[in-house]
Structures are given as structure tokens and as C-alpha cells.
Amino acid sequence: MDSVRVRFAPSPTGHLHVGGARTALFNWLFARQHQGTFVLRIEDTDLARSTTESVDGILEGMRFLGLDWDEGPEKGGSYGPYFQSQRLTLYRRYADQLRRDGWAYECFCTSEELEAMREEARKNKEDPKYDGRCRRLTAAEREERRDQGRTSVLRFKTNYDGSTILDDAIRGRVSFDNRQLDDFVVQKTNGMPTYNFAVVIDDALMEISHVIRGEDHISNTPKQIQIYGALGFTVPDFAHIPMILGPDKSRLSKRHGATSVTQFREEGYIPEALVNYLALLGWGYDDSQTVFSVSELIDKFSLERVSKNPAVFDLQKLEWLNGVYIRDLDLETLYERALPFFVKAGFAERRPSQEEKKKIQAVLASLQSRIRRLDEIPQAASYFFGDIAEYDAKAVRKVLLKEGTAEILEYVAGELAALPGFEEEDLKPVFAQAMEEFDCKLGKIMQPVRVAVTGTTSSPSMYEVLPVLGRDEAVRRLRKAQQIISQRWEAEQT
RNA sequence: GCCCCCAUCGUCUAGUGGCCUAGGACACCGCCCUUUCACGGCGAAGGCAGGGGUUCAAAUCCCCUUGGGGGUACCA
């Protein structure tokens, strides 16, 4: 294969959407696999809707996912500029060429006329297409309109004969009857190119070899192919990847929940998991593997294996995968990823001391198999960093208020208070003795301690929680639980 | 309306005419492990949209129907 050049070309009108991110990922994987070039191009010809904040957000999202681009914003490259708004002279030049060669013509129709035309067509049950009236204008008529000061757009002289064939890498041969097309606008009144025009100029000039994009662009392709032809450009290979849908099978959008990459980051998803999940949306490898490292993806990805049908975004599976990756992280990396969430919860300073760091890592070690998202940390770790905010009512009732619990807590508190060390091996004998003392199973001892120390019935092992809290705090909480028990008991007497 | 695309468990998918009594993953349910909760292990349930062809043989090829998605802009 000749040198591979692919691109991701978002329009900066919002955040990096997961659909866009998946398109970017497929392009990136394809480029990396073929030692090709991955170009990032910003399609900001819609002045009204494009913002620089959006550009920043998109770049940030790309970086978060680890999708580095070889050419594009902040990076440059020999095919620039990489913002369409900075390529206007190029578009103008080719627009002029089209007109000069008789492939395009000025159209003076106003939007009102156009709307009336479409309305009329609908009424007559015809296709709401441009009827080509300005195509038939004589030179004199055009001159007259220009003199009247009427503005114009440039329309492409579509070839209505035969059909346009698209050999799609994913869908195979797709044929479009050219009579379905109309003379579409290539240059707007304000001089800006339309999408269908700019995309062709850019892809051709940037020598893009494979256009990998969403299926929503498939209907545009015949128009673009005609422009390639009119300008004498080589048509690239196309691959149209399926859409991503919400649970209700409609196109994935905000109303389905989080859709932007930044949002997923804030919700505690880690990039490896997101990348893995996105790869699985519309692509599969074989009948056994679902967890793929990035390098495996680069190695195994192929357009041939991209499926044709739209995929429903399954948040539960993403969460599961995120949990898989969280569990797989070594403690140091997990710490780095999780620290912002501790900071946000007020559990840590931005730059923790060695001692703080040790504690956070101990907490993370206990939590690692228990959380699926980093943003569960404030909730899951709260009792490690402050008093118990609220005792679970059911836990108090079913565990603390049980007959004999006060005695057990009294015993354990006393024993723990006398302990010289406070690590697992120091604690074990205490609980072993308690079992003998009260002639019961371990659970009978541990559950009251757990509720006393965490306020809930579910937590990591006491052998992990207790050492992190330290002797004084642990004993304090056991005593406090005793108080709660006696208070409740008294309350019941009256 | 017209054009284009798509159709395997609830979801993502494996399957490219016989290896399919359709495989895996998530979710769900049950059991085991266990100081609780997770993790982990084992197991159950669950699908070829419908109808016609082609063929000795169809989830796989063809046609129709139905359903879903996309497009039909001076948005990208």
C-alpha cells in the first residue's frame, strides 16, 4: 500500500463527542498500523457556530485518549494550514477553476425563492431539489443581476447522467443514481466554501489516502466524487463506519447522558477503558477477546472487520471495562489517576506529603477491586478521611443494636487500645481471641466493628481499614458506637 | 415522499454454504469462595425479524415485506 494518510476533521461546534472520538480512534489506529500519518484538521467554515473553546476541548479530548496527531493544530505540517478558516484562498482558487472550466455557475436565488421552490416541489410530490434555473442564465442576465447588486452563490454543475459508484471499504459497492443529485452550492454568499466542497479540496491537497468517517456522510459521497472528477483529483479510498446510537436506537445525543470525552473523564473513566470500549463499538476481533491494549488494537485493527450495523452505546459495559482497567493498574499509576478525585473530594492537597500519599495509596489498594469509576471515590473513601457522616440506619438496627454487640465492641476496643502495633498481623490475634471469648464466628465480631468504623455493612476487610485509620481513631469510633448503642437502648426504655 | 445503508441473545459481537444442537463479552439469575461488600470461579436463562426462492445442504447467497438508521441546507 502507498503511504497511508488519514485524517480526523471535526467541526469545532461543541465538545469531542464519543462518536467523533471513535472516528478519530479508527483513523488513528489505521494510521499507526500502517506507519502512516494521522492528520487533525479543524473544519471551522461555519463561522457562526465555531468557537476556539471548542477547538481546545477537542484537542484536550484527543490528548486524554492518547490520540496524538502528526499534522494539525499546535503541530503544523507541510500540508497546512490545518484550520479551514485559514485556507480560504485555496478554496477560492479552486472555485474559480470550477467556474472557468464550466463546472460551476453563479446562482442569484434568494433563500426565500429557494424555500418557495422546495415547497412547490413537495406540493407536487417531487423531490425538493434545486431546479437549476440560474444554470440557464445568459451572460447578459448574470451581468444584469450583478449590476443590481444581487449576491450570489456558486453552484456545481452536477452531471445527471448515469450513476456514481462508491467502492466502500466497509460496505462494498454502493451505487447512486445521479438524477437524485442537484446543483449544490460549493461557495456561499459570504465567500466561504460549503462542507462538500472544502472537504474535497482539503482531502485532495492533503493527499489523504483513506477517508474513514461516519456513515452519515455516505450520502454526500457522490457529490464529492463528482468534484474530485471535475478538478482532476484522485479519489481516495472511502470507509464509512456505522453510527453510534442511544439505548432507544436513535442517534446518540446529550439526552442519552454523557456523550463528550471530557464528561467521561470527569465521571472517572480512564482513557485505556474508553479507547478499548470505543474500539469495540463497531469492531470486533474474534469470538473470545474483548479486552485489548492499545498496542494490540494497533496490531489487530482492520477496516474489514468493522461491522456494518449501527451500535448501541452500552454504558454498563463501559463501566465494567473501566473496572477491569482500574484493577489492572499498578498502585502508583492508580494513585496518579485518582489523585484529582481525592483533591476534589477534599481528601487531599494537590501536592500531598509522603505520609498523605502513603495513606491514599493504602486506601486505593483497598478500593481498587471495589470501584468501577474514579468518581466513586468521595463516597467510597469518605470514612477514611473524616468522621462517619451518617450511619446507615439499617446497619445500626440490624448489627449494632443486636443483643451482645456492646460487649463485643467493649472487648475489642479494650484489646485494640492496648496493642503496640496496628498492622494486620497485630490485629489478627485480637479477633481470634474475641472469637473464643464470645464463642462465636468471626462475622459476629467483624460486622459490629465494621459498622462502628465505617458506618455501613459493606467495606474492605477490617484488616485493611483499621491500620489506615490508626489505633486512636479506630478505638474512638468503637467507643462512639458503644455510645450510640446505649443511647438507643435508653431511648427505647422511655 | 425520494435516495442510501443496515438487520444473530436485552446490548456489543463471532460466524464469509456443511465444523452451528449458533460461540464469546456486558447485564440479569443461581451456586461457590468469604468477616461484609467487591474481586474471582462455576452454572443457568436468552438470539439467526418475517415470508419466499437457490442448493443435496442456508444464520451465511438472491428477492420481497417489515423494522431501524442516515441523507435530502448558503450545517459539518
Side-chain angles (χ1 to χ4, degrees), chain A residues 9-13 43-46 48-50 84 107 109-111 114-115 118 121-122 125-130 151-155 166 168 170-171 174-177 179-182 184-196 198-199 214-222 240 242-243 245 247 249-251 277 280-291 305 307-321 323 327 366-372 380 395 399 431 435 441-451 454 456-463:
Chain A
S11 60
T13 55
E43 308 216 328
D44 55 351
T45 52
D46 185 348
R49 297 201 300 144
S50 300
Q84 289 191 326
C107 167
C109 296
T110 64
S111 37
L114 261 18
E115 190 42 53
R118 277 191 284 265
R122 270 193 290 269
K125 295 211 188 290
E126 287 164 12
D127 294 343
K129 296 186 300 188
Y130 181 68
T151 55
S152 67
V153 298
L154 198 64
R155 281 186 189 273
L166 161 63
D168 193 274
I170 294 166
R171 274 145 228 287
V174 182
S175 170
F176 300 87
D177 189 333
R179 278 168 304 199
Q180 288 297 324
L181 274 25
D182 69 353
F184 54 94
V185 175
V186 293
Q187 195 175 47
K188 310 180 205 173
T189 311
N190 64 5
M192 296 298 268
T194 58
Y195 165 73
N196 280 315
V199 74
E215 195 199 331
D216 46 340
H217 285 108
I218 204 164
S219 300
N220 288 322
T221 312
H240 288 94
M243 301 275 87
L245 312 178
K249 305 264 182 140
S250 74
R251 194 176 179 157
Y277 180 69
L280 256 26
L281 271 186
W283 176 82
Y285 183 63
D286 59 18
D287 64 352
S288 61
Q289 195 176 358
T290 39
V291 181
R305 294 197 68 88
S307 85
K308 292 195 252 279
N309 37 342
V312 173
F313 193 88
D314 182 359
L315 203 58
Q316 282 188 313
K317 191 158 185 173
L318 205 212
E319 259 190 32
W320 165 77
L321 250 184
R327 271 171 257 136
S366 299
L367 255 33
Q368 193 161 22
S369 70
R370 277 168 255 264
I371 57 171
R372 301 181 133 198
V399 180
F431 288 98
M435 278 163 68
K441 291 210 277 191
L442 190 53
K444 198 92 176 14
I445 312 286
M446 284 296 191
Q447 275 309 78
V449 172
R450 166 169 289 110
V451 175
T454 69
T456 71
T457 52
S458 68
S459 82
S461 162
M462 284 299 104
Y463 295 133

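This is a predicted model, so every value here is computed, not measured. First the proteins, then the strands, lettered A, B, ... as listed; each starts at 1.
- Side chain T189(A) to base C74(B): a donor-acceptor pair is found below 3.5 Å.
- With Y277(A) contributing its side chain and D314(A) its backbone, the two residues share a donor-acceptor pair below 3.5 Å.
- In this model, the phosphate group of U36(B) is not approached by any side-chain N or O of K444(A) to a distance below 4.0 Å at OP1 or OP2.
- C62(B) sits 7 Å from U54(B) when the C1' atoms are compared, rounded to a whole Å.
- The base-pairing partner of G43(B), taking Watson-Crick or G-U wobble contacts with both distances under 3.5 Å, is C29(B).
- Remark on RNA chain B: of its neighbouring residues N196(A) and F313(A), the 5'-side contact belongs to F313(A), judged by nearest-heavy-atom nucleotide.
- Between K308(A) and G69(B), a side-chain N or O to OP1/OP2 separation shorter than 4.0 Å is absent.
- One C1' atom belongs to C26(B), the other to G47(B), and the distance between them is 16 Å to the nearest Å.
- Distances shown here put every side-chain N or O of T45(A) at or beyond 4.0 Å from the OP1 or OP2 atom of C75(B).
- No hydrogens or angles were tested; on distance alone, nothing pairs the side chain of T290(A) with the base of G24(B) as donor and acceptor under 3.5 Å.
- For the OP1/OP2 pair of U34(B) and a distance below 4.0 Å, the side-chain nitrogens and oxygens of R450(A) include no atom meeting the criterion.
- Taking atom CD of residue Q447(A) and atom P of nucleotide U36(B), one finds them 7 Å apart after rounding to whole Å.
- Nucleotides C37(B) and U21(B) have their P atoms positioned 42 Å apart, rounded to a whole Å.
- Within 4.0 Å (heavy atoms only), F431(A) reaches no atom of the nucleic acid at all.
- Partner assigned to A7(B) is U66(B), using Watson-Crick or G-U wobble distances below 3.5 angstrom.
- Among the heavy atoms of the strands lying under 4.0 Å from G282(A) are primed sugar atoms or P, OP1, OP2 only; no base atom is included.
- At a threshold of 4.0 angstrom between heavy atoms, the contacts of D46(A) are confined to the sugar-phosphate backbone, with no base atom among them.
- Between the P atoms of G23(B) and G69(B), the separation comes to 30 Å (whole Å).
- Checking the phosphate oxygens (OP1, OP2) of U8(B), a side-chain nitrogen or oxygen of N309(A) falls inside 4.0 Å.
- Judged by distance alone, with hydrogens and angles left aside, the side-chain atoms of T454(A) form a donor-acceptor pair with the main-chain N or O of T456(A) at under 3.5 Å.
- Of all nucleotides present, only G71(B) satisfies the Watson-Crick or G-U wobble test against C2(B), with each distance under 3.5 Å.
- Under 4.0 angstrom from either OP1 or OP2 of C2(B) there lies no side-chain N or O belonging to R122(A).
- Counting non-hydrogen atoms under 4.0 angstrom, D44(A) reaches nothing in the nucleic acid.
- Using a 4.0 Å heavy-atom cutoff across all strands shown, P310(A) reaches sugar-phosphate atoms only and no base atom.
- Straight-line distance from the CD1 atom of I218(A) to the P atom of C4(B): 11 Å, rounded to whole Å.
- Nucleotides A45(B) and A57(B) place their C1' atoms 31 Å apart, quoted to the nearest Å.
- Distances shown here put a side-chain N or O of R251(A) below 4.0 Å from the OP1 or OP2 atom of G71(B).
- A sub-4.0 Å separation between OP1 or OP2 of U11(B) and a side-chain N or O of K249(A) is present.
- Across all strands shown, H217(A) has heavy atoms under 4.0 Å from base atoms, whether or not it also approaches the sugar-phosphate.
- As judged by a 4.0 angstrom heavy-atom cut-off over every strand, P460(A) is placed among the base-contacting residues.
- Between R372(A) and A27(B), a side-chain N or O to OP1/OP2 separation shorter than 4.0 Å is present.
- Counting non-hydrogen atoms under 4.0 angstrom, R179(A) reaches nothing in the nucleic acid.
- Ion pairing between R49(A) and E43(A) fails under the 4.0 Å rule for side-chain N and carboxylate O.
- Contact between the side-chain N/O atoms of R327(A) and the OP1/OP2 oxygens of G40(B) is found at a separation under 4.0 Å.
- A 3.5 Å limit on both hydrogen-bonding distances identifies G53(B) as the Watson-Crick or G-U partner of C61(B).
- The separation of C48(B) from C12(B), taken at their P atoms, amounts to 16 Å, rounded to a whole angstrom.
- Within 4.0 Å of S288(A), counting heavy atoms only, lie sugar-phosphate atoms of the nucleic acid but no base atom.
- R251(A) and D216(A) make their closest contact through NH2-OD2, 2.9 Å (heavy atoms, listed as atom of the first residue, atom of the second, distance).
- Here the closest heavy-atom approach between residue R327(A) and residue S369(A) is recorded as CG-CA, 3.8 Å.
- The residue S307(A) sits close only to the backbone: its heavy atoms come under 4.0 Å of sugar-phosphate atoms, none of a base.
- Spacing of C1' atoms, G10(B) relative to A49(B), comes out at 15 Å, to the nearest Å.
- If you take atom C1' in A73(B) and the same atom in A22(B), they sit 46 Å apart, rounded to whole Å.
- Residue contacts shown for R171(A) are limited to sugar-phosphate atoms, with no base heavy atom under 4.0 Å away.
- If you check every strand for non-hydrogen atoms under 4.0 Å, V312(A) touches sugar and phosphate atoms only.
- Counting non-hydrogen atoms under 4.0 angstrom, T13(A) reaches nothing in the nucleic acid.
- Residue contacts for S11(A): at a heavy-atom cut-off of 4.0 Å it reaches the sugar-phosphate backbone alone, with no base atom in range.
- Proximity of a side-chain donor or acceptor of K129(A) to a complementary backbone N or O of A121(A) within less than 3.5 Å is not detected.
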